[in-house]
Q: 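This is the structure I want to talk about, given as structure tokens.
In the text below, chain A, chain B and the rest are named by the order of the sequence lines, each starting its count at 1.
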There are 4 protein chains.
Amino acid sequence: MSENRPNGTALRRAILDETRHLLVADGYDNLSMRKIARAVGCSATSIYLHFENKDALIHALIDEGMEQLHEQLVTAAKEPEPIARLNALAHAYVRFGLDNREYYQVMFQLHPERMERYPVEKFRRARRNLEIHAEALADGVEVGVFRTSSPETGAHVLWTALHGLVSLLLAERVDVKLADEAFIDAAVQHALDGFSK
Amino acid sequence: MSENRPNGTALRRAILDETRHLLVADGYDNLSMRKIARAVGCSATSIYLHFENKDALIHALIDEGMEQLHEQLVTAAKEPEPIARLNALAHAYVRFGLDNREYYQVMFQLHPERMERYPVEKFRRARRNLEIHAEALADGVEVGVFRTSSPETGAHVLWTALHGLVSLLLAERVDVKLADEAFIDAAVQHALDGFSK
Amino acid sequence: MSENRPNGTALRRAILDETRHLLVADGYDNLSMRKIARAVGCSATSIYLHFENKDALIHALIDEGMEQLHEQLVTAAKEPEPIARLNALAHAYVRFGLDNREYYQVMFQLHPERMERYPVEKFRRARRNLEIHAEALADGVEVGVFRTSSPETGAHVLWTALHGLVSLLLAERVDVKLADEAFIDAAVQHALDGFSK
Amino acid sequence: MSENRPNGTALRRAILDETRHLLVADGYDNLSMRKIARAVGCSATSIYLHFENKDALIHALIDEGMEQLHEQLVTAAKEPEPIARLNALAHAYVRFGLDNREYYQVMFQLHPERMERYPVEKFRRARRNLEIHAEALADGVEVGVFRTSSPETGAHVLWTALHGLVSLLLAERVDVKLADEAFIDAAVQHALDGFSK
DNA sequence: CATGAATGAGCATTCATTCAT
DNA sequence: GATGAATGAATGCTCATTCAT
């Protein structure tokens, strides 16, 4: 049993990975320490050697997800031209959500109750992602290609639209006849159109 | 104890009502058959006389929610002018979501996989609500005030935007400094702007 | 399995009895709902049908014990003559403790922490037992056979002496060569001597 | 981390000290090897290098407690006059009990059955403390100020009274309106009165 | 139509202890 | 001497569901 189980901090890695998988497979409500342990191939107790409790484990997952999303957004933000940049950012966001549904659920779809113990400070990391969009909007306003009441509000509004798109796609609520790349492009474009001058 | 408990199918009605209340008060995760029974004033066993199991009870509730939403949308759709009508529809949708917190969660944020016994066919009922928006869009296109690739796609796109708005507001993820009526109006307007000709 | 298990409220009775036995056998710290269930022959869940939680179960046991002790004290208190009455009361208390070690531990040897949730009001029942002794003392003072600073204080002082006797005997800390009826008589007499005028 | 941790047998010392502190602070039931290790600043495993198991650690502590109590009794026993000496001994015992809450619990309120691995022989150490009282009694009998059937029995009887006093005070079962120094003095005096000639 | 009694499976978490290093 | 990693067993408690009545 122990020969094919990762050792040292590799166990931490394995726990995070299996938790992510289980989240997709069973949903947050059906996630239990025992199940994670069973999936990883260790005892439930062992999880507590690497994470203080269930919350801390989830939080670690959120951190990882936020970090990854941030990296992808930073990459997309390298485009200097505001319109193209915002376009790239929006698509990067949606792409991240669709490619990482495991992360996305814990990152953005968890009830605030569940997050109570999540250190407020860490939410700042999430806010940086919004700021990247806000900057693109501000730059666009400056060069006269965008209009918005305020870049911050605009970034939030854009986020609600993109989040709705990702959420419904992940929940498979969009008519299967529509849910293709063209639809995604249309929805993203629609979300961006509102800023066009 | 039994004298003031509704009899007959009135019990079914009471169960649904109390479940709805509990859902709003305590959230989906804290919903249990026992709590419902206690609130209704009947035994837990009795619930099973009216609903096959917990899922079936939830499904009935989803149906009711869809029906309620439908009614409110139908009312909003009475406005003949397409722009005003779509505007009313969008606001009605958002209003319904914000006024029915947990209801909304059960209706739109539960993954169908986790509701596998929910007859897929019933989701069609939800589709009627989309059609109402599609009609408004089609009417607008016809009289030349809207543009969209297709009314059905447009309705879906609008839905993703509105759903994202409701979801993030319910999850309290929108910066408290922004999350007010003005923000809601801005987001809804943004979602509608894309259709303006 | 179910054929030889008591039904109805008899299960409640069985739970209380087995809990008492287990308390003597394993001690409070080793008492668990599962063990009780196993001993009774029911599921752990079933215990919760009769007692809200572990505390409530213990409290019920304390109540029973207090009631029994009270009855025996009331019987002993029928003796009209104060000296003989106090003597009878003291011996009745000690006898109760030694004959009911199961009860005695939860009644008087449980840490106050454990009792936190024990309704203060119920402690009054215990206080009545003290009052019976205080009355005997007061009567003795009145007829000039006892002296004490106050009957209440005197009753408490007597209690500490008797409780110490019972405790050490139950804990088997008294030298086995001494721990006989003569020793008990001597200790009780010693505890009473202090009141003699 | 390791530089300021005592090495060699000093660790044994540190473990005993911290265990004693934790015992007083958190109580016996909340004592765990892990907590001790954390407090000491060593690993839980290390404790096992110095103590076979938890029981052995507790036993060592009981020994120390008995030793401490013994020292305080020896000091009190320096008084040559029997009446004053017994008085000093009784107060020293009670004082020790009240000043060492949880210590006392471990020493005198743990049932030997539950400490079955504790070498019975070690309980003899406790007996020395009784002998000190017995000697005072014997001396008093000799000079004609005390009467008792036998000094050994008398010492035990006195012990039961004092133990009862300490136990009920520690358990906070004595009415708060009474539980003060005056009450303690009265109870101790009462316990001694029985020996007065 | 309704219920009280009952249950097995599950939960997050803590524990004393062991073992390879 | 000392440790980090690991574990099986246990804890109180809640859940959806069933069954005999």
Q: Tell me which nucleotide among E/dA2, F/dT7, F/dC13 gets nearest to the side chain of C/Asn53.
A: F/dC13

Q: Starting at the 5' end of DNA chain F, which residue's closest nucleotide do you reach first, A/Ile47 or C/Met33?
A: A/Ile47

Q: Tell me which nucleotide among F/dG1, E/dT13, F/dC13 gets nearest to the side chain of D/Leu49.
A: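 Nearest to the side chain of D/Leu49 among the choices is F/dG1.
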
Q: For DNA chain F, whose closest nucleotide is more 5', that of B/Arg38 or that of D/Ser46?
A: D/Ser46

Q: For the residue pair A/Lys54 and A/Tyr28, would you count it as a cation-pi contact if the rule is NZ or CZ under 6.0 angstrom from the ring centre and within 45 degrees of the ring axis?
A: yes

Q: How close or far is atom P of E/dA2 from atom CZ of B/Arg12, stated in whole angstroms?
A: 13 Å

Q: For C/Leu22 and F/dA10, what is the distance between atoms CG and P respectively, to the nearest whole Å?
A: 14 Å

Q: Examine the base of F/dA10 for any acceptor or donor lying under 3.5 Å from a partner atom in the side chain of C/Arg34, and report the outcome as yes or no.
A: no

Q: For B/His50 and E/dA2, is the shortest distance between a side-chain N/O and OP1 or OP2 below 4.0 Å?
A: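 Yes, B/His50 has a side-chain N/O under 4.0 Å of OP1/OP2 on E/dA2.
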
Q: Which part of the nucleic acid does C/Leu31 contact within heavy-atom distance under 4.0 Å: base, sugar-phosphate only, or nothing?
A: sugar-phosphate

Q: Can you measure from CG (A/Leu61) to CD (A/Glu102) and round to the nearest 0.5 angstrom?
A: 8.5 Å

Q: Roughly, in whole Å, what's the span from CD in D/Glu52 to C1' in E/dT17?
A: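 Interatomic distance, CD of D/Glu52 to C1' of E/dT17: 12 Å.
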
Q: Describe the nucleic acid contact of A/Ile36 in one word from base, sugar-phosphate, nothing, applying a heavy-atom distance below 4.0 Å.
A: nothing

Q: Can you spot which of A/Ile36, A/Thr19, A/Leu57 makes a side-chain contact (heavy atoms from CB on, under 4.5 Å) with A/Phe51?
A: A/Leu57

Q: Round to a whole Å and report the spacing from NZ of B/Lys35 to C1' of F/dC13.
A: 13 Å

Q: By nearest nucleotide on DNA chain E, pick out whichever of A/Lys54 and D/Lys54 is the more 5' one.
A: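 Going by which nucleotide is closer to the 5' end, it is A/Lys54.
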
Q: Taking 4.0 angstrom as the limit, do C/Glu64 and C/Arg13 come out as a salt bridge?
A: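 Yes, charged N to carboxylate O under 4.0 Å.
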
Q: In whole Å, I'd like the distance from the CZ atom of A/Phe51 to the C1' atom of E/dT13.
A: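 In whole Å, E/dT13 C1' and A/Phe51 CZ are 16 Å from each other.
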
Q: Roughly how many Å is it from CG in B/Asn30 to C1' in E/dC11, rounded to a whole number?
A: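 Spelled out: CG on B/Asn30 to C1' on E/dC11 is 14 Å.
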
Q: Is B/Thr45 side chain donor-acceptor paired with the E/dG4 base, going by distance under 3.5 Å alone?
A: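 Counting by modelled atom types and ignoring angles, a donor-acceptor contact under 3.5 Å is found here.
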
Q: Between C/Ser32 and F/dT11, is there a contact of a side-chain N or O with OP1 or OP2 at under 4.0 Å?
A: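 C/Ser32 to F/dT11 OP1/OP2: side-chain N or O found under 4.0 Å.
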
Q: Using whole Å, what does the distance between atom P of nucleotide F/dC15 and atom CG of B/Leu57 come to?
A: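 To the nearest whole Å, that distance equals 15 Å.
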
Q: Please say whether the positively charged group of B/Arg20, taken as NZ for Lys or CZ for Arg, lies over the ring of B/Tyr103, i.e. under 6.0 angstrom from the six-membered ring centre and within 45 degrees of the axis.
A: no

Q: What's the closest nucleotide to the side chain of A/Tyr48 if the choices are E/dA16, F/dG12, E/dT14?
A: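 Shortest atom-to-atom distance from the side chain points to E/dT14.
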
Q: Does the structure show a Watson-Crick or G-U wobble partner for F/dA10, both distances under 3.5 Å? Name it, or say none.
A: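 Check on F/dA10: paired to E/dT13, both distances under 3.5 Å.
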
